[in-house]
Every structure is written in structure tokens, then in C-alpha cells.
Amino acid sequence: MSSIRFNRIAIATVAIAALAIPGTLSAQTPDHPTDNSAQFPSPHDLRSLTMSGSYLAARHASVERDASSAAAFYRSALRTDPKNNELLDRAFISSLADGDIEEGVRLAERILTVDKTSRVARLVIGVRDLKLKKYAAAQQNINQSIHGPITDLVAALLSGWAGYGAGDVKGAVANIDKLAGPEWYPIFKDLHAGMMLELAGKEKDAGVRLERAYKLDDTMLRVADDYARWMTRNKDDAAATAIYEAFDKKLPRHPLVQADLRETRAGKKLPPLVDSPQTGAAEALYGIGATLTRRGGEDLALVYLQLALYLAPNQPLALLSLADLYESVKKPAMAIKVYERMPASSPLKRNAQIQLATNLDAADRSDEAIKLLKDVTAENPKDVEAIMALGNIERGRKKFADCALTYNQGIDAFPDPNDKANWVYYYYRGICEERSKQWNKAEADMRKALELQPEQPHVLNYLGYSWIDQGVNLDEGMKMIKRAVEQRPDDGYIVDSLGWAYYRIGNYDDAVKNLERAIDLKPEDSTINDHLGDAYWRVGRMLEAKFQWAHARDLKPEPEDLPKIEAKIENGLTDAAPASAASAEKKKEGGNGG
């Protein structure tokens with residue numbers, strides 16, 4: 001299947017609101033746990049609010065992407081005005097987004113008493129019926145949720161699994177096969193038909209369908225995995241191994257593939273991916289939900305992933321996809337909760353721990369993040385990904401001596417130190433070394449990064465500026481920064497480096513020109529405003545200089561820079577020569593997320 005084709009169709013479907021979901025769903029609780037008591041509604045909050053107060057609070061929570069609070073406030077408003085259908089719909093959708101499917105079911109039942117055509121309510125009730133093994137009722141409700149390419153496919157797959165659960169394997173497959181639609185339908189149809197047939201013991205027929213799906217897209221993980229599993233039971237280990245090895249070349253070292261490959265090489269017969277109609281239906285919801293998450297359809301994806309986990313609470317890929325969705329909408333607190341649900345037995349546990357640490361750091365829980373990653377790397381001192389994640393957190397928290405040592409460990413564990421992709425880690429180690437006053441080591445690492453990626457703009461910027469700041473290699477350093485600016489003309493940090501480089505060599509007119517351009521690109525950056533103030537002072541524009549310094553002061557500069565800025569506001573520049581750089585790391589890192 002062409003992912004590009006799916007992308008165009010999926011986005012178009014979501015854009016026209018396939019499920020007519022009101023408001024913003026893609027989110028949950030406050031990012032910082034210490035703030036939860038201030039933002040999440042307590043029972044007292046809810047009792048004391050009027051209906052309009054609850055409604056306004058719910059709308060605000062929705063804007064803030066806090067579905068838990070939104071659901072609680074909407075339900076509070078609904079208790080005051082129980083016949084308000086808009087409140088009912090919003091409380092329902094917010095409950096789904098929050099993962100409270102049981103509450104969603106109760107609200108869906110209320111919705112259907114006033115609107116029997118509600119497609120989302122029908123879908124949720126159908127999924128509940130499927131979970132409870134009420135397969136006939138599940139089919140009836142799911143079949144009434146159809147509307148648009150995405151939802152039609154989901155309904156057909158879920159209805160098929162309900163039919164399978166009712167004992168009608170032939171009818172279930174036929175129900176899927178009769179669905180006509182876009183060109184990306186067949187891979188999902190063949191995959192799920194194959195899963196049903198292998199679960200029913202019809203291995204030969206299952207193989208035909210799984211092979212067809214594999215030929216349509218051999219890069220789809222679940223397709224390749226289930227086909228290889230079928231191979232272990234019906235062909236031979238060599239055939240299954242070839243599928244896993246081919247996938248590994250396209251997406252190296254995927255934990256699930258690595259685990260199954262080890263089992264296959266040991267001669268084990270691997271079971272099908274799903275073991276019941278419920279896990280089959282969860283697989284359908286996860287598959288579509290994960291695809292929508294990658295294609296920009298977060299709202300609809302959130303509902304599907306929550307429903308998938310309602311049916312199969314420990315489905316590891318659904319958990320990862322849901323956590324990834326929360327990351328994409330910058331809700332680390334919710335991502336943390338999902339990563340913590342990853343089963344200890346899953347091959348994806350280690351990946352979840354690394355991402356958990358990244359989100360702990362994003363939620364200002366960096367000590368916990370560092371401890372977690374140190375535990376992971378202690379278990380496997382050669383785990384380069386975990387080591388580098390630890391180094392990145394230490395670097396972001398300005399633990400420069402620590403991150404230099406951590407990157408040492410990671411670089412020593414590289415299978416191939418000369419792999420071009422490794423440039424970034426030499427660059428990061430160089431930053432940590434330079435900031436911990438180990439310039440000779442830092443310079444060597446920057447040169448190594450450029451050896452691997454000769455025109456990498458961030459490295460050119462950092463090394464070139466460092467030379468100019470030290471008064472060495474001035475011509476080469478200026479050329480490097482100019483090459484960086486040519487590649488990233490709209491990067492305010494890199495343009496600032498060029499302006500500040502001109503300042504350092506005493507070319508104040510060009511310094512002003514470039515620093516004004518940098519301010520246009522990054523007006524909120526304290527360091528750039530400080531630099532422009534210095535340049536203005538040098539060309540005799542004293543009032544403007546003091547204005548820029550005052551603005552830099554108000555933009556929360558680094559604590560060590562604030563007294564220097566305040567002194568300049570009071571006295572101007574009192575030295576005859578250019579001042580030292582105020583906050584070199586921002587200029588030199590070029591805003592690379594470091």
C-alpha cells in the first residue's frame with residue numbers, strides 16, 4: 001500500500017470531520033503533576049459551579065487539551081441541565097478522549113434515546129457489545145456507525161470480528177470482502193481476513209490472504225509479522241527468517257521483529273498475532289488509529305486507540321501509539337501514564353522506558369528521568385539509544401561534565417564510529433566538552449562531526465563561532481558561519497551568530513545589520529536582544545541600545561547574565577573593546593533543541 005495515497009485520503013476524511021467530533025480531543029491533564037490540584041476539578045469545585053460556570057470551565061479545559069477536566073466539568077453541567085443535548089455530546093466525547101469508555105458507554109446510551117442515528121454512540125455501544133461477546137448486537141450497532149472512508153473500513157473490520165465471534169467465519173470474511181472503497185482498503189481487508197482464517201484453523205486460506213497483504217506492503221509491521229508467524233507454522237523457519245530479515249533491513253532493530261527473529265531461528269512455531277475476536281477488533285482499531293496519528297488525524301485516532309485499549313488493555317503497540325499521540329500534542333504527563341502501563345514482559349518495555357524518561361524530563365522530573373535511564377543502561381551498558389537519551393537529558397539540564405562522560409560511553413559503544421549518522425553525537429559531546437571547559441576535546445569532536453557531515457550547519461555555526469570568540473582561525477570561522485547562514489537563512493540563532501561574529505571582530509555596522517535580522521526571526525530571545533543592544537552602543541545608538549538591553553532583561557535571561565545586562569542599562573558599555581559573549585550556547589547550538 002502506498003502510504004502517500006493513504007495520507008491524502010485519511011487527511012481529507014478527517015478534515016471533513018468524519019465523526020463530527022465537537023471541540024478539541026487530543027489531550028489530557030496538566031503537564032506538571034505539582035499543578036494538578038490547581039487545575040483538575042475537585043468534587044467541591046464541581047458542586048460550587050453553576051451550569052454556565054461548569055460549561056465555561058469545560059470549554060477552557062478543552063482549549064487547554066485537558067480532556068479529564070473537560071469531561072468532569074461537562075458532566076457537572078449536564079447534571080444541572082440533563083436535557084441539554086450539546087452538553088451530553090461534549091461530555092460523551094470528552095469521556096472517550098480521556099479513556100473512560102465505561103462512562104462513554106453510559107452517555108452513549110443516553111444519546112441513543114434522543115438520537116438513534118448517532119454514529120459515534122453506535123460505534124461505542126458496538127465495541128462494548130463486542131467486549132461482552134454479544135456479537136449479534138455488536139454487529140447491529142457497528143453497522144449503523146458507517147459514514148465516510150475511514151469509519152466505513154473500521155465498521156467493516158469490527159463487524160467482521162463480531163461475525164467471527166458469533167461463529168460465522170465464512171460470513172465474517174465475506175463481510176470484509178464486500179466492502180468497496182479507496183485503494184488502500186485491500187491491505188487491511190486481506191490482513192484481517194487472514195487473521196480470522198488462521199484463528200479458525202484454515203491455515204491454507206489464511207496464507208493466501210496474508211501473502212496478498214504482504215505483497216501489497218512489506219513495510220507494514222503487523223503484516224510482515226503475522227505472515228512470518230504463519231510461515232513458521234506452515235512453511236519453514238528459513239522462509240519466516242527471510243521475512244524478518246528483509247523487514248529488519250528496512251526498519252533496523254525493531255524490538256518485536258528482533259524478538260520474533262530469535263524465536264524463529266530457535267525453531268519455534270509462533271502463534272497468530274490475535275487470539276480472540278476482541279484482540280482482533282483491537283488490532284483493527286489500533287491499526288487505523290496509529291495510521292491516523294502519523295497522518296495528522298489525532299482527534300479521531302485518540303478515540304480509536306482508547307477503544308482498542310478498552311478491548312485489549314495491554315496491547316503494547318496501541319499503548320506506544322497512544323503515548324506518541326500525547327507527545328505530539330505536548331502532554332508529557334499523559335504520555336508518562338501510558339508508558340507506565342507497558343507490560344514488563346513486552347519486548348517494547350525498554351523502548352517505553354526510554355520514552356518515559358524523555359517525558360519525565362519534559363514534565364520537569366529530570367532527576368527521575370536520569371535515574372531511570374541509568375538503570376536501563378546499567379542493565380545493558382551497550383544500549384546506545386538509552387545512553388544517548390541520558391546524555392541528551394543531562395545536556396538539556398546543563399549537566400555538562402556529566403553529559404560529556406555519558407556521550408563517551410555511547411560513542412565507545414558504537415558498532416561503527418564512522419557511520420555518517422553519528423555526527424550528531426560527536427557534536428553533542430563537543431558541546432558538553434566546550435561548556436565544561438575542555439576545548440581541545442570539543443574542537444576535535446566538532447571536526448569529527450564535520451568529517452562525517454561536512455556541511456552540517458549547526459556544527460559549522462558552533463565551531464566557527466567558537467574560533468572567532470577565541471580570536472583564532474578568524475577567516476575560516478567566518479566562512480563557516482556564513483555557510484551555515486546560507487543553509488539556514490531563517491534560523492535566528494545562526495543569523496545571530498553571524499552578527500555576533502562581526503561584532504567580535506569589530507565590524508559593528510555588519511553586526512547591527514545581521515543582529516536586526518536575527519531579532520526579526522527570534523524577537524523573544526533574550527540573548528539576541530542583548531547582542532543587538534551591544535552593537536547599537538558601538539555604533540553610537542545609545543538610546544536604542546538601552547531599549548534592547550531592557551527588553552533582554554524582561555525576557556528572563558540566564559541568571560548569570562542578568563547582572564551584566566542590568567549594569568549595561570545603568571552604565572552602558574564601559575570597555576573600549578568588544579564584550580565577551582553573554583550566552584554562547586544559544587548562538588553556537590543554533591537552536592538545535594540542545
Side-chain angles (χ1 to χ4, degrees), residues 1 3 6 10 99 101 127 131 150 153-154 157-158 161 187-188 191-192 194-195 198-199 210 213-214 217-230 243-244 247-248 250-263 270-295 297-298 300-328 334-356 358-359 385:
M1 176 188 66
S3 59
F6 186 94
I101 306 303
V127 170
K131 183 179 178 72
I150 298 290
L153 176 61
V154 171
L157 297 179
L158 296 186
W161 280 110
I187 193 166
F188 290 100
L191 173 61
H192 283 271
M195 286 178 169
E198 64 180 341
L199 200 57
L210 294 174
Y214 183 72
D217 188 352
D218 60 3
T219 67
M220 190 170 175
L221 172 63
R222 300 306 262 178
V223 170
D225 194 5
D226 205 35
Y227 187 40
R229 285 168 173 266
W230 180 89
I243 292 174
Y244 285 128
F247 188 91
D248 188 61
K250 301 179 183 74
L251 185 64
R253 298 182 298 280
H254 192 287
L256 293 181
V257 171
Q258 292 293 304
D260 288 347
L261 185 54
R262 286 192 295 270
E263 298 277 277
L270 302 183
L273 281 178
V274 302
D275 59 7
S276 68
Q278 288 71 32
T279 56
E283 190 73 29
L285 288 162
Y286 148 71
I288 304 296
T291 304
L292 288 174
T293 297
R294 294 190 297 270
R295 306 291 187 252
E298 289 90 352
L300 187 54
L302 181 58
V303 172
Y304 285 165
L305 291 172
Q306 295 285 25
L307 289 172
L309 289 166
Y310 172 68
L311 291 172
N314 296 320
Q315 217 278 21
L317 286 171
L319 288 169
L320 281 188
S321 292
L322 181 60
D324 181 64
L325 190 157
Y326 290 136
E327 288 180 1
S328 72
M334 284 308 301
I336 287 167
K337 291 180 180 179
V338 178
Y339 283 126
E340 288 175 338
R341 291 168 57 184
M342 183 64 66
S345 59
S346 172
L348 294 172
K349 178 65 174 180
R350 167 253 183 205
N351 296 66
Q353 286 179 307
I354 294 173
Q355 290 304 117
L356 171 59
T358 300
N359 283 275
E385 186 179 355

So, taking the atom named [atom1] in [X] and the one named [atom2] in [Y], what distance separates them when rounded to the nearest 0.5 Å?
| X | Y | atom1 | atom2 | result |
| --- | --- | --- | --- | --- |
| E283 | D226 | CD | CG | 8.0 Å |
| L199 | W161 | CG | CH2 | 5.5 Å |
| Q315 | M342 | CD | CE | 9.0 Å |
| T358 | Y339 | OG1 | OH | 8.0 Å |
| L210 | H192 | CG | NE2 | 11.0 Å |
| D225 | M220 | CG | CE | 11.5 Å |

Distance-only, no hydrogens or angles: does the T279 side chain make a donor-acceptor pair with backbone N or O of S276 under 3.5 Å?
->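 Yes, T279 side chain to S276 backbone: donor-acceptor pair under 3.5 Å.
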Do [X] and [Y] have side chains that approach each other closer than 4.5 Å (heavy atoms only, starting at C-beta)?
| X | Y | value |
| --- | --- | --- |
| Y326 | I336 | no |
| F247 | I243 | no |
| L221 | L317 | yes |
| L325 | V338 | no |
| R229 | P271 | yes |
| L319 | L309 | yes |

Where [X] and [Y] come nearest, the two heavy atoms and their spacing:
| X | Y | answer |
| --- | --- | --- |
| L311 | A281 | CD1-CB, 3.7 Å |
| N359 | A335 | OD1-CB, 3.5 Å |
| L158 | A284 | CD2-CB, 4.3 Å |
| A301 | G289 | CB-O, 3.2 Å |
| K337 | R341 | O-CG, 3.4 Å |
| V223 | D217 | CG1-O, 4.0 Å |

Yes or no on side chain to side chain contact (heavy atoms under 4.5 Å, CB included) for L305 and T293, after CA distance, side-chain angles and deciding distance?
-> CA-CA 10 Å; L305 291 172; T293 297; 3.9 Å; yes
Using the side chain to side chain contact (heavy atoms under 4.5 Å, CB included) rule, take F188 and I288 through it: C-alpha gap first, then chi angles, then the decisive distance, then the call.
-> CA-CA 9 Å; F188 290 100; I288 304 296; 3.6 Å; yes
Are D218 and K250 close enough, and set up right, to give a side chain to side chain contact (heavy atoms under 4.5 Å, CB included), and what steps lead you there?
-> CA-CA 9 Å; D218 60 3; K250 301 179 183 74; 3.6 Å; yes
So among Q258, R253, H254, which one has a side-chain hydrogen bond (donor to acceptor under 3.5 Å, both in side chains) with D248?
->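 The passing option is Q258.
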